[in-house]
Amino acid sequence: MGKYLNPSNKGFKIARNSKIYVDKTGLIKHTNSVLDTEQRFICVSRPRRFGKTMAAQMLLAYYCKAYDSSNLFHGLTIENDITFRCHLNHYDVLFLDMQRFLSRAKSPQKLVPYLQKAVLSELKNMYSISYTDLIFGENPDLADALETLAEKNGKEFIFIIDEWDCVFRETRDDDAAQKEYLDFLRNLFKDQTYVKLAYMTGILPIKKYGTHSALNIFYEYSMTSPKEMAAFTGFTENEVRQLCNDYDMDFLEMQKWYDGYKLKNANHIYNPKSVTDAVLNAEFHSYWTGTETYEALKIYMDMNFDGLKDTIIEMLGNGKCKINCRKFQNDMTTFKSRDDVLTLLVHLGYLAYDEVTNEVFIPNIEISDEFKNALEGEGWDAIANILSTSDALLHATLCADEKTVAKIIDTAHIENTSILSYNNENSLSCVIAIAYFSARREYMMIREMPAGKGFADIVFLPRAFSNKPVLIVELKWNNSVSGAIRQIKERAYVSALEEYRGEVLLIAINYDKRTKIHQCIIERFQKDF
């Protein structure tokens with residue numbers, strides 16, 4: 001075994017020995033299906049904390065010929081697949097952790113020379129060959145050496161590259177170093193028959209230059225287009241349900257905190273690291289800050305693109321916003337529009353993306369908390385002030401204190417007009433949704449919920465553990481609160497609560513354009529059938 005050629009399978013052993021291990025070996029069935037095909041080049045990008053390195057270590061343990069890993073896969077899904085024994089520990093594997101190479105090279109300009117020297121040195125020591133001078137000359141080239149090994153010895157390699165995009169994340173403005181790095185990868189892989197499989201992981205999809213990718217041989221699977229890799233992007237709903245059953249955790253709470261990544265072929269995907277930490281600690285809260293800080297998010301929130309701030313406010317109010325993610329250049333510096341920034345936030349895990357509707361949104365409470373933490377400093381004071389009164393607004397609502405509710409919403413309106421237009425029921429709905437921000441810990445908030453003979457503007461459904469009443473909110477712009485209450489009753493909004501039994505608060509809120517104040521009426525309703 002070496003450092004890079006056929007390294008230890010200890011990483012996967014540690015994963016299997018851990019208290020919580022979720023079987024993702026179905027990925028191996030897919031990689032087996034593309035060995036020695038045009039589709040053998042795979043680039044998988046997803047956020048930190050989503051198990052990229054774990055998957056890479058699993059593939060290493062499965063394919064590497066330096067040891068027998070059969071016991072590590074005993075009882076796992078892949079063991080029952082017809083291809084399991086055909087490829088188990090059959091290949092030479094080059095495992096390249098680019099983050100580690102960059103750290104040891106000390107600079108991006110030295111990354112490629114350092115990597116080639118280190119790997120070539122190991123190849124020279126690992127193979128007893130008589131033609132070393134031919135492949136290890138004054139200007140050694142890794143691709144040349146591998147071509148020679150393939151020609152003379154029939155060698156084929158599986159490449160596993162972890163953190164492939166670290167150069168673009170950590171040296172964002174060094175175009176020359178980035179181009180040299182991409183040229184190295186292209187030379188290493190393009191048209192090379194010694195490649196049995198190439199599997200790369202990172203946060204960013206492959207960098208684009210103009211209309212073309214420098215590595216267009218790769219099939220990409222990302223947070224905006226996961227395709228058949230969707231189920232391996234994070235924990236699926238069934239996997240999380242099983243963990244909750246095994247460890248006596250509340251599934252609905254788990255869902256509220258860590259669900260929300262909506263992928264077309266898997267639908268509900270959960271943040272694996274956060275779910276694991278919640279189970280190990282038997283406690284639900286934000287674990288995101290263990291590997292990220294809110295300052296990383298704030299950098300992008302503060303970018304001055306038309307419509308970006310309004311979009312973030314809309315999403316804080318539980319809204320969704322359409323974007324075009326196709327123009328994103330897959331780096332962390334080339335931003336030309338609001339959509340570029342929002343697409344990056346999808347790849348970083350701060351936003352979820354619906355591939356069917358092309359909409360982005362804040363996926364869950366854990367990420368909502370990160371946005372809330374980032375709402376500090378110039379430009380965001382108004383929204384931060386609204387959120388600070390959220391608990392008081394919910395308390396006043398539950399007490400049916402109509403005057404206090406109207407007063408707090410008046411203040412929210414005044415704070416919000418400086419950054420968001422306020423001229424129709426939709427903008428009023430956004431303000432109300434933000435004003436009730438903290439209610440999401442005990443409620444699921446639904447905007448434009450189908451109900452009875454129409455759509456209720458906002459409905460707050462209590463979560464399973466909560467003993468709070470349902471809140472049905474009807475909004476009016478320059479109309480009347482009595483008309484709003486009447487509409488709730490006449491259109492039978494309560495009838496949509498089919499399985500709910502208990503108290504319902506009917507809440508009518510109107511904004512008077514002339515007086516510039518809000519009125520509120522709250523009525524209690526008991527649903528017993």
Side-chain angles (χ1 to χ4, degrees), residues 4-9 11-12 15 24-48 50-66 69 72-73 77-78 81 83-84 86-101 115 119 142-143 146 155-167 181-182 184-190 192-207 213-223 225-234 330:
Y4 317 114
L5 178 65
N6 299 333
S8 168
N9 63 0
F12 189 55
K24 290 292 185 180
T25 57
L27 172 63
I28 297 172
K29 181 179 179 179
H30 176 75
T31 55
N32 282 349
S33 74
V34 300
L35 293 173
D36 272 337
T37 71
E38 295 291 345
Q39 292 76 43
R40 70 192 185 278
F41 299 97
I42 296 171
C43 182
V44 175
S45 58
R46 52 185 187 245
R48 285 191 178 94
F50 273 71
K52 298 185 298 296
T53 299
M54 178 85 71
Q57 293 285 355
M58 176 185 72
L59 294 175
L60 167 64
Y62 176 74
Y63 287 116
C64 182
K65 67 189 296 183
S69 294
L72 292 178
F73 292 93
T77 300
I78 190 61
D81 187 76
T83 65
F84 175 62
C86 299
H87 305 291
L88 176 66
N89 301 130
H90 273 48
Y91 304 106
D92 285 313
V93 176
L94 274 167
F95 189 99
L96 308 177
D97 182 340
M98 292 302 183
Q99 186 75 59
R100 187 172 299 171
F101 278 116
L115 183 155
V119 176
L142 180 57
L146 295 174
K155 288 293 183 183
E156 293 180 308
F157 297 87
I158 285 179
F159 294 81
I160 300 175
I161 299 182
D162 199 15
E163 302 284 0
W164 89 271
D165 60 332
C166 64
V167 172
Y181 175 61
L182 281 178
F184 163 72
L185 291 177
R186 180 172 49 204
N187 186 46
L188 186 63
F189 293 128
K190 190 170 179 61
Q192 300 288 15
T193 57
Y194 56 71
V195 180
K196 189 82 174 179
L197 172 74
Y199 181 92
M200 298 199 310
T201 76
I203 293 174
L204 297 173
I206 291 172
K207 167 68 179 171
S213 167
L215 294 172
N216 57 9
I217 57 173
F218 276 84
Y219 286 77
E220 294 197 70
Y221 305 86
S222 69
M223 293 300 284
S225 183
K227 300 184 275 290
E228 62 265 39
M229 293 289 192
F232 310 117
T233 299
N330 299 344

Side chain to side chain donor-acceptor pair (under 3.5 Å) with Lys65: which residues, sequence neighbours excluded? none
For the atom pair CG (Leu94) and CG (Leu142), what is the distance rounded to the nearest 0.5 Å? 7.0 Å
Classify the ring geometry between Phe159 and Phe189 as parallel (under 30°), tilted (30 to 60°) or perpendicular (over 60°). perpendicular
Could you pull out all residues at least two apart from Ser45 that satisfy side-chain contact (heavy atoms from CB on, under 4.5 Å)? Pro205, Ser222
Residue list, side chain to side chain donor-acceptor pair (under 3.5 Å) with Thr25, at least two apart or on another chain: Asp23
Does Phe41 have any ring pair (Phe, Tyr, Trp, His ring centres under 6.0 Å) partners at least two apart in sequence or in another chain, and if so, which? Phe218
Rounded to the nearest 0.5 Å, the CG atom of Asn330 sits from the CD1 atom of Ile203 at a distance of 13.0 Å
Do you see a donor-acceptor pair shorter than 3.5 Å between the side chains of Asp165 and Tyr181? no
So how far is it from Asn216 CG to Arg186 CZ, rounded to the nearest 0.5 Å? 8.5 Å
Using ring centroids (six-membered ring only for Trp), state whether Phe95 and Tyr63 fall under 6.0 Å. no
When you measure from the side chain of Asn6 to the backbone of Cys64, do you find a donor-acceptor pair of N or O atoms at a distance under 3.5 Å? no
Can you list everything that forms a side chain to side chain donor-acceptor pair (under 3.5 Å) with Tyr91? Sequence neighbours excluded, please. His87
List the residues meeting side chain to side chain donor-acceptor pair (under 3.5 Å) with Asn187, not counting sequence neighbours, and say none if there are none. none
Tyr194 and Leu188 have their tightest heavy-atom pair at OH-O, 2.6 Å
So CD1 of Ile217 and CG of Leu185: to nearest 0.5 Å the spacing works out to 9.5 Å
Is it the case that more than 12 heavy atoms not belonging to Lys29 sit under 6.0 Å from its NZ atom? no
For residues 52-61, dump all side-chain donor-acceptor pairs below 3.5 Å to protein atoms at least two apart in sequence or in another chain.
{"from": "Lys52", "atom 1": "NZ", "to": "Arg46", "atom 2": "O", "distance (Å)": "3.3"}
{"from": "Lys52", "atom 1": "NZ", "to": "Pro47", "atom 2": "O", "distance (Å)": "2.9"}
{"from": "Thr53", "atom 1": "OG1", "to": "Asp162", "atom 2": "OD2", "distance (Å)": "2.7"}

What residues form a ring pair (Phe, Tyr, Trp, His ring centres under 6.0 Å) with Phe101, not counting sequence neighbours? Tyr4
Stepwise, does the side chain to side chain contact (heavy atoms under 4.5 Å, CB included) test hold for Leu146 with Gln192? CA-CA 9 Å; Leu146 295 174; Gln192 300 288 15; over 6 Å; no
Ring pair (Phe, Tyr, Trp, His ring centres under 6.0 Å) partners for Phe50, two or more places apart: Tyr261
Establish, from distance only, whether the side-chain atoms of Thr31 and Tyr62 form a donor-acceptor pair under 3.5 Å. no
Distance, nearest 0.5 Å, that separates CH2 of Trp164 from CG of Leu96: 14.0 Å
Report the residues that fulfil side-chain contact (heavy atoms from CB on, under 4.5 Å) with His30, sequence neighbours left out, ordered by chain and then residue number. Ser33, Val34, Ile42, Tyr221, Glu228, Met229
Is there a side-chain contact between Leu5 and Asp92 (heavy atoms, below 4.5 Å)? yes
Val167 side chain reached by Met98 side chain, heavy atoms, under 4.5 Å: no
Measuring from atom CE of Met200 to atom SG of Cys43, what distance do you get when rounded to the nearest 0.5 angstrom? 4.0 Å
Got a sec, which residues hit side-chain contact (heavy atoms from CB on, under 4.5 Å) with Ala231, two or more places apart in sequence or on another chain? Thr236
Going by side-chain contact (heavy atoms from CB on, under 4.5 Å), name the residues that satisfy it together with Gln99, two or more places apart in sequence or in a different chain. Asp97, Glu163, Cys166, Arg169, Glu170
